[in-house]
There are 2 protein chains.
Amino acid sequence: MREFSRSLPMSLLRAREAVMRQFRPSLRNHGLTEQQWRILRALTAVETIEVTELARTAFLLGPSLSRILRDLEARQLVERKTAEADQRRAVVSISAKGLKLIEAVAPTSEAIYAEITRRFGARRLSELQDMLAALEQGLADMEGADRDDGEE
Amino acid sequence: MREFSRSLPMSLLRAREAVMRQFRPSLRNHGLTEQQWRILRALTAVETIEVTELARTAFLLGPSLSRILRDLEARQLVERKTAEADQRRAVVSISAKGLKLIEAVAPTSEAIYAEITRRFGARRLSELQDMLAALEQGLADMEGADRDDGEE
DNA sequence: GGAAGATGATTAACATGTTAAGTGTTTTTG
DNA sequence: CAAAAACACTTAACATGTTAATCATCTTCC
């Protein structure tokens with residue numbers, strides 16, 4: 001079998017961890033987790049957004065997002081209200097306090113990202129991202145066959 | 001600020017999720033999580049291994065590994081005993097039952113990996129892994145500066 | 001228009017990620 | 001050699017990942 005530590009999932013996991021390790025201390029200094037930061041960042045790009053769409057954008061599962069939104073709302077970093085047309089849906093937006101927090105974290109975050117880009121090379125980084133997108137795209141329709149025993 | 005969904009961390013996260021989504025159903029059919037599988041796989045490459053070294057190999061934090069080893073030991077998939085020379089250390093090995101489980105999962109796992117390789121291209125996959133390793137390597141010594149306010 | 005089904009969101013339950021604290025053991029060092 | 005420091009591992013506490021179940025609302029369809 002393939003040398004385990006050289007498998008694609010492990011390579012991706014280690015690379016991502018190497019990157020995130022750079023950002024976590026700064027986020028932590030501002031009382032934010034990586035996922036909370038993703039949500040706030042996603043909210044800055046829109047006026048309002050529905051929860052389901054936010055989950056897709058921030059790449060979080062529904063249950064995780066539910067919990068985090070509850071906390072962010074309690075900390076008054078985001079605002080939430082139910083849609084008028086459809087009482088099932090909730091629309092979320094970032095608050096003034098949330099925006100201020102973003103502005104406080106952004107400079108450090110940008111500096112770290114710039115340093116990563118400098119070390120790896122902007123062109124190479126772009127190539128890497130293209131390959132990652134192609135990989136994701138290539139597997140998009142591969143779900144179907146749950147190829148295994150013990151299946152109903 | 002950079003379009004959030006195109007950031008490197010998000011690209012890595014999405015790519016990894018696209019890959020792991022292929023494997024999870026099969027592992028699940030055998031009652032294994034991704035992390036448990038990593039540990040068993042790492043154990044097949046050695047006779048015995050100390051816990052700290054296993055954490056490094058399987059890329060898990062100590063506390064996670066502690067919990068998982070407790071469960072795997074209870075399920076008799078691994079064996080553990082304290083080292084004679086140093087009572088602090090524990091050495092872990094995979095059991096016969098664990099090996100049998102590996103053998104049951106491996107064919108499906110290999111088939112999935114082969115399909116991913118086929119779709120993306122073996123050469124391209126190799127290039128991607130090289131880039132990921134270079135990225136990881138390039139950031140290895142970048143920790144130092146916790147560049148941010150609110151720091152002691 | 002009302003029951004059945006679909007949909008958006010939350011809750012539940014369990015596993016892992018993450019940091020800090022705790023517990024023995026071993027090594028260092030004065 | 002005994003106290004202090006270092007070390008290997010575990011436990012604790014809280015946040016998120018993951019799947020299943022639940023709840024309320026909305027849509028379909030007879």
Side-chain angles (χ1 to χ4, degrees), chain A residues 9 13-14 16-17 20-29 31-39 48-56 58-75 77-78 80-92 143 146 152, chain B residues 9 13-14 16-18 20-39 48-56 58-75 77-78 80-92 143 146 152:
Chain A
L13 179 59
R14 282 206 298 253
R16 183 172 146 79
E17 177 55 27
M20 285 314 302
R21 176 163 41 234
Q22 313 303 324
F23 290 98
R24 260 191 285 269
S26 161
L27 292 177
R28 184 175 175 71
N29 282 343
L32 287 176
T33 65
E34 173 195 338
Q35 292 82 356
Q36 291 165 357
W37 171 249
R38 289 218 302 271
I39 291 173
T48 67
I49 187 174
E50 292 181 5
V51 172
T52 299
E53 179 66 6
L54 179 56
R56 206 185 58 74
F59 208 70
L60 292 169
L61 294 178
S64 294
L65 183 54
S66 259
R67 282 177 305 213
I68 301 174
L69 281 181
R70 170 165 44 75
D71 298 347
L72 292 180
E73 196 178 10
R75 290 161 68 183
L77 296 174
V78 307
R80 174 164 41 172
K81 42 188 165 184
T82 59
E84 297 170 8
D86 188 338
Q87 299 289 84
R88 290 172 304 181
R89 299 166 192 270
V91 291
V92 185
E143 338 282 341
D146 265 32
E152 73 268 28
Chain B
L13 180 59
R14 282 207 298 253
R16 181 172 146 80
E17 177 54 28
M20 285 314 302
R21 176 163 42 234
Q22 313 304 323
F23 291 98
R24 260 191 282 271
S26 161
L27 292 177
R28 185 173 173 71
N29 282 343
H30 291 280
L32 287 176
T33 66
E34 173 195 339
Q35 292 82 356
Q36 292 166 356
W37 172 248
R38 288 218 301 273
I39 291 173
T48 67
I49 188 173
E50 291 181 5
V51 171
T52 298
E53 180 65 7
L54 179 56
R56 208 186 56 75
F59 209 69
L60 292 169
L61 294 178
S64 293
L65 183 54
S66 259
R67 281 178 306 214
I68 301 175
L69 281 181
R70 169 164 44 74
D71 299 347
L72 292 180
E73 195 177 10
R75 291 160 67 184
L77 296 174
V78 307
R80 173 162 44 171
K81 42 187 164 185
T82 59
E84 296 170 9
D86 188 338
Q87 299 289 82
R88 290 172 304 183
R89 300 166 191 269
V91 291
V92 185
E143 339 281 342
D146 264 30
E152 72 266 33

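Just so it is clear: chains get the letters A, B, ... in the order the sequence lines come, proteins before strands, and each one is counted from 1. Every value quoted in this text rests on a predicted model; they were computed, and no experiment measured them.
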* To do: Find the distance between CG (A:Leu13) and CG (B:Leu60) and round it off to the nearest 0.5 Å.
  => 8.5 Å
* Asked: What is the distance from atom CD1 of A:Ile39 to atom CG of A:Leu77, rounded to the nearest 0.5 Å?
  -> 10.5 Å
* Structure fact -> To the nearest angstrom, the CG-C1' distance between A:Leu32 and D:dC14 comes to 16 Å
What protein N or O atoms touch nucleotides 16-22 of chain C N or O atoms at under 3.5 angstrom, if any, and at what distances?
{"from": "C:dT16", "atom 1": "OP1", "to": "B:Thr33", "atom 2": "OG1", "distance (Å)": "3.0"}
{"from": "C:dT16", "atom 1": "OP1", "to": "B:Gln36", "atom 2": "NE2", "distance (Å)": "3.4"}
{"from": "C:dT16", "atom 1": "O3'", "to": "B:Gln35", "atom 2": "NE2", "distance (Å)": "2.9"}
{"from": "C:dG17", "atom 1": "OP2", "to": "B:Ser64", "atom 2": "OG", "distance (Å)": "2.7"}
{"from": "C:dG17", "atom 1": "N7", "to": "B:Arg67", "atom 2": "NH2", "distance (Å)": "2.8"}
{"from": "C:dG17", "atom 1": "O6", "to": "B:Arg67", "atom 2": "NH1", "distance (Å)": "3.0"}
{"from": "C:dT18", "atom 1": "OP1", "to": "A:Arg24", "atom 2": "NH1", "distance (Å)": "3.1"}
{"from": "C:dT18", "atom 1": "OP1", "to": "A:Arg24", "atom 2": "NH2", "distance (Å)": "3.4"}
{"from": "C:dT19", "atom 1": "O3'", "to": "A:Arg28", "atom 2": "NH2", "distance (Å)": "3.3"}

* Structure fact -> Between the CD atom in B:Glu50 and the CZ atom in B:Arg88, the distance rounded to the nearest 0.5 Å is 10.0 Å
* Asked: Between atom CZ in A:Arg56 and atom P in C:dA9, what is the gap in whole Å?
  -> 13 Å
* To do: Evaluate the side-chain proximity of A:Ile68 to A:Thr33: yes if any heavy-atom separation is below 4.5 Å, no if none is.
  => no
* Euclidean distance, atom CZ of residue B:Arg75 to atom C1' of C:dA15 [Å, nearest integer] -> 11 Å
* Chi angles and distances behind the side chain to side chain contact (heavy atoms under 4.5 Å, CB included) call for A:Leu69, A:Leu54 -> CA-CA 10 Å; A:Leu69 281 181; A:Leu54 179 56; 4.2 Å; yes
* **Where protein sits on nucleotides 3-8 of chain D, one letter per nucleotide: B base, S sugar-phosphate only, - none, heavy atoms under 4.0 Å** => ---BBS
* Quickly work out the A:Leu69 CG to D:dA15 P distance and round it to whole Å. => 15 Å
* Asked: What is the distance, rounded to the nearest whole Å, between atom CG of B:Leu72 and atom P of D:dT10?
  -> 13 Å
* Asked: Checking salt bridge (Lys or Arg N to Asp or Glu O under 4.0 Å) for the pair B:Arg14/B:Glu17: CA distance, chi angles, key distance, verdict?
  -> CA-CA 5 Å; B:Arg14 282 207 298 253; B:Glu17 177 54 28; over 6 Å; no
* Asked: Can you name the salt bridge (charged side-chain N to carboxylate O under 4.0 Å, His left out) partners of B:Asp71, sequence neighbours left out?
  -> none
* What is the distance from atom CG of A:Leu32 to atom CZ of A:Arg75, rounded to the nearest 0.5 Å? -> 5.5 Å
